[in-house]
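Each chain gets a letter, A, B and so on, in the order its sequence line appears, and its residues count up from 1. No experiment lies behind these values; they were computed from the predicted model shown.
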2 protein chains.
Amino acid sequence: MPNHLDNQLCFLLYATSKEIIRRYTMLLKPYDLTYTGYIAILALEDDEQITVKELGQRLFLDSGTLTPVLKKLEVKGYVRRERSKEDERQMQIYLTKSGIEVRQKLPEVSRQVIKQSNITEQQYMQLRNVLQDILQKDCPIKD
Amino acid sequence: MPNHLDNQLCFLLYATSKEIIRRYTMLLKPYDLTYTGYIAILALEDDEQITVKELGQRLFLDSGTLTPVLKKLEVKGYVRRERSKEDERQMQIYLTKSGIEVRQKLPEVSRQVIKQSNITEQQYMQLRNVLQDILQKDCPIKD
DNA sequence: ACCAATTAGATTGTGTGCAATTTAATTTTG
DNA sequence: CAAAATTAAATTGCACACAATCTAATTGGT
């Protein structure tokens, strides 16, 4: 591995990620959604109730980040939060009708962001594969 | 471009970037550096004075982010900040002796992070090329 | 059944990240 | 040359991220 480039790679990852999120944020404004709110809604299936913990596992986020985001999504009317009756510690999250509606419009936003970045299908696949590799190889170490 | 994967790619980028930064943050603790402080120090050459604006261009960060970071680096003794005499609006930033010293140790941190992610040299090159492409293609739109 | 250990979510504190505004200095222009 | 426009940093406000702590609920062991 070429040492003098180590930093470039990590920094590129960081800079590109920020830039992509910035673009999402702009396009999500009409829906009154932030990027975090967006991925939270996308992670919820239409007829599904999941806990904050489960949602956090899908998004790699903890309750410290998710709790405020979900409260805001609730105020906007996109999700509902209910204490589980079987286990009072758990909070059940699910999409409202309005949340399901907005969720259906979101793929268009995503399509536009990808379009802007102008990458080829091959590059797209390469990038996805490498990132999945890195993230998966990271998982065992985290535990 | 396969539509149903659009989101996966952007999310992967976001999640991987966060994970890599998390690893940096852990390894940087002994040096009393955050990731942002780290890239700021790396962006400064040993015998160079640059303005906050210039530094921001290198790091894709604005004064709103950089000013507090640089003030903290100054308190830690890694950089110095001085008003330019030619143009009082500008703040000149440069590494102290201590900053130059710590800077020399940082490539080792970077090497360790790359090592942990276990990617092949080919993957490394692919990733770098695609990210550079995306970031460059994005730039004209920003201006 | 009781108490220690665990677990889920919320809260707190620190550090970004960025848009928007402010302030002070410099440059441009009529 | 003076007023207007521009520019550099700093400041403000909002929204994450995440570690650490807290609280309440549940579970496990005896």
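Note that CG of B:L12 is 8.5 Å distant from CZ of A:R128, once rounded to the nearest 0.5 Å. Note: A:I119 CD1 to A:I114 CD1 = 5.5 Å, rounded to the nearest 0.5 Å. Interatomic distance, CD of B:Q104 versus CG of B:D46, reported as 6.5 Å (0.5 Å rounding).
Taking atom CZ of residue A:R23 and atom C1' of nucleotide C:dC18, one finds them 15 Å apart after rounding to whole Å. Protein atom CD1 of A:I20 is 13 Å distant from nucleotide atom P of C:dC18, rounded to whole Å. At whole-Å resolution of the value, CG in B:L66 and P in C:dA19 are 14 Å apart. Spacing between atom CD of A:Q92 and atom C1' of C:dG9 amounts to 12 Å, rounded to whole angstrom units. Rounded to whole Å, atom C1' of C:dT16 lies 13 Å from atom CG of B:L59. At whole-Å resolution of the value, CE in B:M91 and C1' in C:dA24 are 12 Å apart. With rounding to whole Å, A:Q57 atom CD is found 12 Å from C:dT7 atom C1'. In this structure, NZ of A:K29 is placed 10 Å from C1' of C:dA20, rounded to the nearest angstrom.
Candidate nucleotides C:dA8, C:dA10, C:dG17 were compared by shortest atom distance to the side chain of A:Q90, and C:dA8 ranks first.
From the 5' end on, the contacts that DNA chain D makes with chain A at under 4.0 Å to a non-hydrogen atom open and close at D:dA15 to D:dT26.
Within the 4.0 angstrom heavy-atom criterion, base atoms lie near B:S63. Using a 4.0 Å heavy-atom criterion, one finds that A:I21 contacts no nucleic acid atom at all.
Heavy-atom distances to DNA chain D give each of B:D62 and A:T36 a nearest nucleotide, and the one nearer the 5′ end belongs to B:D62.
Using a 4.0 Å cut-off between a side-chain N of Lys or Arg and a carboxylate O of Asp or Glu, B:R103 and B:E48 do not qualify as a salt bridge. Look at B:E101 and B:K105 and you find no salt bridge, because none of the NZ, NE, NH1 or NH2 atoms lies under 4.0 Å from a carboxylate O.
Using a 4.0 Å cut-off, some side-chain N or O of A:Y14 falls inside it from OP1 or OP2 of C:dG17. Distances shorter than 4.0 Å separate some side-chain N or O of A:K71 from OP1 or OP2 on C:dT11.
For the pair B:Y38/B:T25, no side-chain contact is recorded, criterion being any heavy-atom separation below 4.5 Å from C-beta on. Taking the side chain as every heavy atom from C-beta outward, A:L127 and B:L131 approach each other to under 4.5 Å. Taking 4.5 Å as the limit, some side-chain heavy atom of A:L61 sits within range of a side-chain heavy atom of B:K18.
Between A:Y24 and A:T34, the side chains place no donor N or O within less than 3.5 Å of an acceptor N or O (distance only, hydrogens not considered).
Between the two ends of the helix from C:dA1-D:dT30 to C:dG30-D:dC1, each summarised by a five-pair axis, the helix axis turns through 10° (rounded to 10 degrees).
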Item to complete: Walk me through it: do B:T120 and A:D133 pass the test side-chain contact (heavy atoms from CB on, under 4.5 Å)?
Response: CA-CA 10 Å; B:T120 66; A:D133 262 24; over 6 Å; no
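Of the candidates B:E45, B:R58, B:M91, B:Q92, B:R58 is the only one forming a side chain to side chain contact (heavy atoms under 4.5 Å, CB included) with B:I50.
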What pairs of nitrogen or oxygen atoms, one from the protein and one from nucleotides 12-14 of chain C, lie under 3.5 Å apart?
none

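Between the base of C:dA8 and the side chain of A:T51 there is no donor-acceptor pair shorter than 3.5 Å.
Residues passing the side-chain hydrogen bond (donor to acceptor under 3.5 Å, both in side chains) test with B:E74, sequence neighbours excluded: B:R81. With sequence neighbours left out, the side-chain contact (heavy atoms from CB on, under 4.5 Å) criterion links B:L27 to B:V109, B:Q112, B:V113.
For DNA chain C, the neighbouring residues in residues 79-89 of chain B, judged by any heavy atom under 4.0 Å, are B:E86, B:D87, B:E88, B:R89.
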